[in-house]
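This structure is a prediction, so every number in the text was calculated from the model and none was measured. Every chain is numbered from 1 and lettered A, B, ... according to where its sequence line falls, protein lines coming before strand lines.
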Amino acid sequence: MFLAWGRLCTRSCRPKFLKTVGASKILGLSTSAKMSLKFKNAKRIEGLDSNVWIEFTKLAADPSVVNLGQGLPDISPPVYVKEELSKISAIDNLNQYTRGFGHPSLVKALSCLYEKFYHNQINPNEEILVTVGAYGSLFNAIQGLIDEGDEVIVIVPFYDCYEPMVRMAGATPVFVPLRCKPVDGKTCSSSDWTLDPQELASKFNSKTKAIILNTPHNPLGKVYTKEELQVIADLCIKYDTLCISDEVYEWLVYTGNKHFKIATFPGMWERTITIGSAGKTFSVTGWKLGWSIGPKHLIKHLQTVQQNTVYTCATPLQEALAQAFWIDIKRMDDPECYFNSLPKELEVKRDRMVHLLESVGLKPIVPDGGYFIIADVSLLDVDLFDMKDSKEPYDYKFVKWMIKNKKLSAIPVSAFCNAETKSQFEKFVRFCFIKALTLHTRLHWQMPASSPPGSMLPASTLPYRCLAYLPPRFGRPDPG
Amino acid sequence: MRIILTPLLTPCSLCCLQLTMAKRLQARRLDGIDHNPWVEFVKLASEEADVVNLGQGFPDFSPPEFAVEAFQHAVSGDFMLNQYTKAFGYPPLTKILASFFGKLLGQEIDPLKNVLVTVGAYGALFTAFQALVDEGDEVIIVEPFFDCYEPMTLMAGGRPVFVSLKPSPIQKGEPDSSSNWQLDPTELASKFTSRTKAFILNTPNNPLGKVFSREELELVASLCQQHDVVCITDEVYQWLVFDGFQHISIASLPGMWERTLTIGSAGKTFSVTGWKVGWVLGPDRLMKHLRTVHQNSIYHCATQCQAAVAQSFEREQLHFGQPSSYFVQFPQYIQRCRDHMIQSLQSVGLRPVIPQASYFLITDISDFKNKMPDLPGAADEPYDRRFVKWMIKNKGLMAIPVSTFVSVPHQKFFDHYIRFCFVKDESTLRAMDQKLKKWKAELMP
């Protein structure tokens with residue numbers, strides 16, 4: 001009844017409202033034009049409304065689709081991590097606000113852990129900030145340190161939020177692509193993709209405020225070598241530039257590779273923000289906790305952003321994270337330590353997925369780190385005739401075809417590129433392998449090895465139905 | 001290579017040299033907003049032994065059992081709740097918020113188009129400002145105000161325009177009440193210009209505890225419509241209303257749903273401030289801009305906290321309007337805490353302004369200002385700040401100076417008020433009584 005009354009009042013009040021508008025007439029604008037001006041978005045978000053995930057999440061929402069697009073685990077976090085959170089949920093005073101820049105026991109644990117990797121002690125209160133996921137750290141760093149008119153170097157392909165975040169800060173992203181130089185006869189690996197040092201140097205100038213580095217890299221899985229990082233460090237120092245280093249996959253490094261922290265290179269601590277993620281460290285993406293580590297003179301600006309955006313992060317999750325860290329900090333050399341056991345587990349899944357993709361005629365780029373594989377799909381030469389009029393890049397069309405015809409979803413790699421470089425990457429598609437082996441098995445059934453390339457069996461002939469790994473009531477998550 | 005040695009910029013550093021950049025480090029959007037008034041007071045209170053903390057706005061007692069159980073269920077149930085959920089809100093939460101508030105606002109609310117879950121109401125405010133306020137836009141803020149409204153306006157490049165609530169004269173000996181504090185309609189109307197983008201309403205108000213009446217809201221509504229202004233309404237204390245007063249959401253008034261963003265807080269609703277779950281409700285044409293900010297700032301909120309809030313709302317929906325409802329029981333309990341505090345403060349000559357709602361009351365310290373005008377502090381430091389520091393050190397009680405909630409030019413009009421939080425456990429209130437008893441004894445000649 002109240003609903004009806006409200007609507008009735010709106011109708012009867014409208015004529016009265018129009019009569020009282022005088023200012024708009026003075027401005028020479030009609031009421032509706034003036035209204036639409038006022039309700040327009042702020043300029044900072046102009047053109048940033050579209051999001052590749054929304055389109056592909058919708059397409060992949062069909063429960064019969066094997067979803068290897070989304071960047072989240074469908075394996076359980078470690079038992080002790082879940083147990084800590086369970087214990088903490090019973091503790092009363094952890095239901096109220098904690099320290100804005102990071103729960104004391106968490107920043108202490110982070111300081112203790114990361115001091116092992118840095119040459120200096122890390123002040124938990126001044127050199128660490130806990131944020132809403134690594135995503136929040138990226139946002140705080142960019143909002144805190146990047147100004148209108150600044151240039152920020154972004155390496156292509158890039159985790160898709162870097163470009164819109166830089167633009168939202170009023171700065172200009174300057175792109176430089178990784179380029180592939182494969183060695184003949186060898187399986188293609190992420191280490192074949194490198195930056196051309198001269199090309200990279202040409203992107204730096206006096207307006208360059210920062211470079212965003214992501215190692216291990218999403219989507220390629222590249223783990224930057226010491227030499228590659230030294231080239232970047234030299235340029236940062238030469239051009240007096242900051243480095244925002246997104247190291248969320250720092251523990252997910254496979255045999256024969258080592259993760260290096262650019263902040264530990266000479267001259268780099270004072271100009272680097274290093275970002276980490278609880279979600280990727282402990283397979284708890286839904287906890288949305290991340291952190292920034294850096295010198296006080298940089299972190300204080302991220303803290304200013306924090307106190308004017310979210311103020312503080314969730315208390316019980318921070319305490320549980322701290323406890324989980326203490327467990328693993330005490331056994332860093334133990335194979336049972338999750339920082340050691342998870343990469344071992346994922347290397348098996350990586351190898352299995354590489355094999356599966358190869359067996360159906362795709363050409364995977366074996367990643368040295370992270371939890372994604374990109375694969376060259378062009379050799380399949382799939383008939384996309386019915387999409388020939390679409391202006392979308394090839395990989396977008398391929399993934400849509402694959403979802404529809406093969407009940408398999410992935411993410412087109414050109415989604416991680418700026419407009420100008422999409423064509424360089426449009427034959428690649430990204431698969432996530434931090435999935436249960438049963439999902440890999442279903443993938444195997446969906447893409448049997450015995451079929452010649454280009455003739456994958458239609459999904460309707462499959463004896464298995466792919467089950468959604470989330471009950472419908474939770475909704476399909478939006479991927480990272 | 002440019003190296004600037006600037007030891008002056010880093011006074012804390014004991015290293016002999018600190019390399020810093022020749023370029024200015026921080027973005028200009030941080031100018032004037034880096035100061036944090038809370039840090040100083042929290043630090044002071046922690047340094048002094050045995051201080052009763054009545055400053056900060058969070059309960060020091062347990063949340064209701066059903067909320068605790070909901071969280072326990074969320075963290076020990078399906079392991080996939082440890083992973084990302086939908087960016088704009090965990091579906092069972094957006095669904096229950098849509099249905100719960102749809103009834104209250106008299107509006108069809110679509111969980112996908114009209115609801116956004118944020119990191120606390122604080123996150124909701126930030127998202128709204130960033131989505132809609134542009135360089136040069138004016139934002140009207142009612143004083144005294146929750147202190148983040150001003151820096152959030154500035155960070156978005158906006159210009160805050162202040163209009164003060166003022167107390168009408170009261171009979172001598174009669175206690176002041178938050179309902180006595182009002183906006184002057186002519187003065188309010190004069191603040192609206194063609195550059196006014198948004199009006200920030202906070203009802204119930206922090207720190208005053210004022211509940212805006214229907215007439216007051218209708219005035220605000222008519223000005224917003226006349227000048228085509230967006231109303232951002234912070235209603236976090238909507239359930240904590242006392243003495244039979246009624247909270248009214250301005251979005252339920254005619255013509256207002258289409259121009260209002262209504263902000264709520266799980267923290268204040270269920271006494272779980274540490275879960276950091278908030279929300280915004282509004283029309284799609286405004287909400288889509290908030291979604292753009294959200295997807296480019298934090299993207300998702302913590303899944304399990306949202307699951308727990310959803311379950312808590314589901315419970316309340318079943319009990320709504322009944323004596324067993326937390327929204328009935330909790331304000332009754334807190335009203336008693338409020339009354340206890342009022343009596344105790346009056347016993348030492350403090351003059352509390354009786355709040356109609358919220359977690360807080362403000363107290364007139366004029367008598368103390370007259371008797372002790374020269375308390376230690378910086379030259380331009382408002383009296384109430386100096387009084388609170390003195391009170392922490394000498395009386396073992398912490399409150400928050402009300403000038404924290406006022407624009408700098410107007411601080412002199414509010415420097416004889418301090419804010420207390422009464423949403424505290426019985427034992428805290430008894431500890432407060434002990435301190436006040438001692439204080440009273442010291443006042444005796």
Side-chain angles (χ1 to χ4, degrees), chain A residues 2-3 6 9-10 13 17 20 23 34-35 38-39 41-43 45 48-49 51 72 76-77 85-86 89 92 94-98 132 135-136 139 144-147 164-165 168 237-238 240 270 284-288 297 301 304 307-311 313-315 317 470 473 475 477-478 480, chain B residues 1-2 10 19-23 26-28 30 33-34 36 58 62-63 71-72 75-76 79-87 91 106 119 122-123 126 131-134 151-152 155 194 225-226 228 254-255 272-276 285-286 289 292-293 295-303 305:
Chain A
F2 186 56
L3 174 67
C9 273
T10 311
C13 289
F17 158 59
T20 58
K34 185 162 175 279
M35 270 182 79
K38 279 283 189 88
F39 283 33
N41 50 286
K43 292 190 197 69
I45 55 171
L48 306 186
D49 50 321
N51 186 294
L72 71 156
S76 176
L85 185 54
S86 238
S89 65
D92 226 354
L94 293 175
N95 289 301
Q96 306 307 333
Y97 291 133
T98 184
V132 181
Y135 214 97
F139 183 74
L145 301 170
I146 308 299
D147 231 330
M165 282 192 184
M168 190 170 159
I237 292 167
K238 180 176 177 189
D240 199 21
E270 45 264 41
V284 288
T285 59
W287 290 24
K288 284 298 293 190
H297 59 264
H301 301 310
T304 299
Q307 82 196 28
N308 291 295
T309 54
V310 298
Y311 205 96
C313 299
T315 314
L317 296 170
L470 275 181
R473 84 176 198 106
D478 302 312
Chain B
M1 183 162 73
R2 285 165 289 163
T10 55
L19 295 172
T20 57
M21 289 171 66
K23 294 186 183 88
Q26 74 274 26
R28 282 185 296 273
L30 304 190
I33 65 168
D34 50 334
N36 186 329
F58 58 84
S62 311
F71 189 63
Q72 285 174 323
V75 305
S76 52
F79 70 79
M80 283 308 292
L81 289 178
N82 286 291
Q83 306 308 332
Y84 294 129
T85 181
K86 285 251 180 272
V119 180
Y122 214 97
F126 174 72
L132 300 171
V133 176
D134 241 325
M152 283 189 183
M155 190 171 162
S194 59
Q225 288 174 66
Q226 186 184 336
D228 194 27
V272 288
T273 60
W275 292 8
K276 287 297 291 185
R285 66 177 174 179
L286 292 177
H289 303 316
T292 301
V293 172
Q295 82 197 23
N296 290 302
S297 57
I298 54 134
Y299 205 1
H300 306 84
C301 299
T303 311
C305 295

Under 4.5 Å from any heavy atom of chain B, what part of Leu317(A) do you find: side chain, backbone, both or neither? side chain
Nearest heavy-atom neighbours spanning Leu72(A) and Met80(B): CD1-CE, 4.3 Å
Find the distance between OH (Tyr84(B)) and CH2 (Trp287(A)) and round it off to the nearest 0.5 Å. 14.5 Å
Over all atoms of both residues, closest heavy-atom pair of Gly144(A) and Leu30(B): O-CD1, 3.6 Å
Out of Pro151(B), Ala302(B), Ser297(B), Pro63(B), which one racks up the most heavy-atom pairs below 4.5 Å with chain A? Ser297(B)
Looking only at heavy atoms, which two atoms of Val132(A) and Ile298(B) are closest? And how far apart? CB-CG2, 3.7 Å
Could you report the tightest heavy-atom contact between Met168(A) and Val293(B), atom names first, then the distance? CE-CG1, 4.0 Å
When Cys301(B), Gly123(B), Ala131(B) are compared by non-hydrogen pairs under 4.5 Å with chain A, the top option: Ala131(B)
Could you tell me which non-hydrogen atom of Asn41(A) sits nearest to which non-hydrogen atom of Asp134(B), and how far apart they are? O-OD2, 4.2 Å
Nearest non-hydrogen partners of Thr309(A) and Met155(B), listed with the distance: CG2-CE, 4.4 Å
Do side-chain atoms of Lys276(B) reach the backbone of Tyr97(A) as a donor and acceptor pair under 3.5 angstrom? no
Spacing of CZ belonging to Phe39(A) relative to CG belonging to Leu286(B), to within rounding of 0.5 Å: 5.5 Å
Could you check if a side-chain atom of Asn36(B) sits within less than 4.5 angstrom of a side-chain atom of Tyr311(A), using non-hydrogen atoms only? yes
Taking Gln96(A) for the side chain and Thr273(B) for the main chain, is one N or O donor matched with an acceptor at less than 3.5 Å? yes
Is the backbone N or O of Ile33(B) less than 3.5 Å from a side-chain atom of Asn308(A), with the two atoms forming a donor-acceptor pair by type? yes
If only atom types and distance count, is the side chain of Gln295(B) paired as donor or acceptor with the main-chain N or O of Asp49(A) below 3.5 Å? yes
One option among Phe71(B), Phe126(B), Tyr122(B), Phe79(B) has the most heavy-atom pairs under 4.5 Å with chain A, and it is Tyr122(B)
Side chain, backbone, both or neither of Val133(B) within contact of chain A (heavy atoms, under 4.5 Å): backbone
So CD of Gln26(B) and CD1 of Ile146(A): to nearest 0.5 Å the spacing works out to 12.0 Å
Validation row: Phe139(A), Asn296(B) side chains within 4.5 angstrom (heavy atoms): no
If I measure from the heavy atoms of chain B, does Thr98(A) come under 4.5 Å with its side chain, its backbone, both, or neither? neither
